[in-house]
2 protein chains.
Amino acid sequence: MEITGKQLAIMETAEQLFADNGYDGTSIRDIAHQADVNVAMISYYFGSKEKLLQAIFEKRTELWRVHLESMIEDKSRSPMEKMFVLIDNYMQKIFDQSCFHRIMAQQQMANQDSPVASLILDTKRRNQDLVKKLVQQGQRSGDFKKNIDVPLLMMTMMGTINQLITTQHHYRELNNLQDLDDTEYKKHIKKKLSTHLKSIFKAILSNEE
Amino acid sequence: MEITGKQLAIMETAEQLFADNGYDGTSIRDIAHQADVNVAMISYYFGSKEKLLQAIFEKRTELWRVHLESMIEDKSRSPMEKMFVLIDNYMQKIFDQSCFHRIMAQQQMANQDSPVASLILDTKRRNQDLVKKLVQQGQRSGDFKKNIDVPLLMMTMMGTINQLITTQHHYRELNNLQDLDDTEYKKHIKKKLSTHLKSIFKAILSNEE
DNA sequence: AATTACTAAACAAACGTTTAATTAATTTTT
DNA sequence: AAAAATTAATTAAACGTTTGTTTAGTAATT
């Protein structure tokens, strides 16, 4: 099924509204109005509200996987370098798709099983396996320590970035950065966060005494 | 206003349902049914659905503040020890009130200003100020490094714990820990997380080369 | 006797979805 | 290439539920 302009407009509008007001806090009429389409078009194109959410998830999770796999198998970088690339890639992805990421955060918080819930779990499982592979590479080459808790490491990376993305508006106010414009602010916080995470990873992973 | 048994039942039920299904995903009738009270009682006692949420927030944020303040002024502990106590206290609090914490997470994710939104922001600002104070103590005594980004440090602590709490059910499955019973599992993960966070904090804060 | 706690029923508004009718685009037939 | 037939896109209105809240009346407590 090819995606027309109108379908894309619906999906993008829905993404923003779901992120800001939650899935249940957003009505079909809200979306239709903001995307400037008739209410019936959403059922017509996607079938239902939930299937619209699914469509958004499928579109967003499509490309991410392949990217990660090839990066890990890259022979030209050291394990620690790869880990740093991973951090920057993950950050970039989430900054670029912050609305979608916020939807994902609220969906995985909900304690109910839905089509998207299992989609999220699958993605996470795959990602964790890949990172585990990368950690093992580093351990074999002697670059990394022996006892690494991969799930906890992932939790720190994802959790820290997540915390920043989900509470951006708070962070800015808490640190008196309102005078910076949006792009300036984003650049600033990205640089800071990247350095921060890398130093944490180095401290946890690195074998130097 | 004193809280009767029935009001408490409503608040506790609401807390769990809000956490599991989201605020908008939970209806007044859901709460009334599960708490075994008449639908009208919720409006009668709390005024509205939103005021019920506010009541839950006020009850939960009441005691936390005083506790933190006295802990930081404690002269018998070193700055690093205090930081470790802070980590354990924060973890304990969130584990004990995981439902409430999940509600808070979804509320601070929403990009809209509500009574609870400003309540959250206030609490965060206060907490961050207190931690900043503690960091300065450590810097004056020479225990901590000079350049510490307090907001980022907080983000890592809260983010990591948050990530664990909001995705507990995932974590358990991802690490094949289903055979452990609930209390056993909680004990296990708490111990792990505590060590993990402390080693991160030590790496970031400590002045030893 | 008067206030408080509680209930079942009703309220209007909003919800996601469907229907039936109309317009636009595409394909088939002349 | 023009006309007719067919399919797809779009609309306004209506559907039946569910939503949060209120009302008017009853039972319990003070």
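All values derive from a computational prediction rather than experimental measurement. Residue numbering restarts at 1 for every chain, and letters A, B, ... go by the order of the sequence lines.
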Salt-bridge contact B:R172-B:D182 (side-chain N to carboxylate O under 4.0 Å):
yes
Counting only heavy atoms and a strict 4.0 angstrom limit, can you tell me which residues of residues 13-24 of chain A come near DNA chain C?
none
Taking atom types as modelled, find out whether B:D30 and B:Q34 have a side-chain donor-acceptor pair closer than 3.5 angstrom.
no
For atom CG of B:L52 and atom C1' of D:dT19, their distance in whole Å:
16 Å
Is any side-chain N of the basic residue among B:D122 and B:R125 closer than 4.0 Å to the acidic one's carboxylate O?
yes
Where each residue is assigned the nucleotide of DNA chain C containing its nearest heavy atom, which of B:R29 and B:Y44 is assigned the position nearer the 5′ end?
B:Y44
Distances for protein N or O near nucleotides 20-26 of chain C N or O, under 3.5 Å:
none

Just by distance, no angles: are the side chains of A:S118 and A:D113 close enough, under 3.5 Å, to form a donor-acceptor pair?
no
Centroid-centroid under 6.0 Å between A:F100 and A:F57 rings
yes
Can you tell me the distance, in whole Å, between the NZ atom of B:K49 and the C1' atom of C:dC15?
13 Å
Nearest whole angstrom, please: distance from the P of C:dC15 to the NE2 of A:H33.
13 Å
Please determine, for the side chain of B:N38, which listed nucleotide (C:dC6, C:dA8, D:dA14) has the closest atom?
C:dA8
Under 4.0 angstrom between A:S48 side-chain N/O and C:dG16 OP1 or OP2
no
To the nearest Å, how far apart are B:L53 CG and D:dT21 P?
12 Å
Distance test, side-chain N/O of B:K6 to OP1/OP2 of C:dC6, below 4.0 Å
yes
If you measure from the Lys or Arg side-chain nitrogens to the Asp or Glu carboxylate oxygens, is any gap between A:K133 and A:E73 under 4.0 Å?
yes
For residues A:D20 and A:Q16, is any side-chain donor paired with an opposing acceptor at under 3.5 Å?
yes
A:D30 has an atom CG; how far is it from atom P of D:dT19, in whole Å?
17 Å
D:dT18 phosphate, OP1 or OP2: any side-chain N/O from B:S27 under 4.0 angstrom?
no
Axis-to-axis angle across the helix from C:dA2-D:dT29 to C:dT30-D:dA1, five pairs each end, nearest 10 degrees, ~ 10°
Would you mind checking if B:D74 and B:K82 are paired as a salt bridge, meaning a charged N to carboxylate O distance below 4.0 Å?
no
Minimum-distance nucleotide (side-chain atoms of B:M41 versus C:dT7, C:dG16, D:dT11):
C:dT7
Should the ring pair B:Y171 and B:Y185 be called parallel, tilted or perpendicular, given that the plane angle runs from 0 to 90° and is split at 30 and 60?
tilted
Length of the line joining B:I42:CD1 and D:dG20:C1', which is rounded to integer Å:
10 Å
Between B:T183 and B:D181, does any side-chain donor sit less than 3.5 Å from a side-chain acceptor?
yes
Considering heavy-atom distances to DNA chain D, does B:S43 or A:A40 have its closest nucleotide positioned more toward the 5' end?
A:A40
Quick one about B:Q7 and B:T4 (side-chain donor to acceptor, distance below 3.5 Å, no hydrogens or angles considered), yes or no?
yes
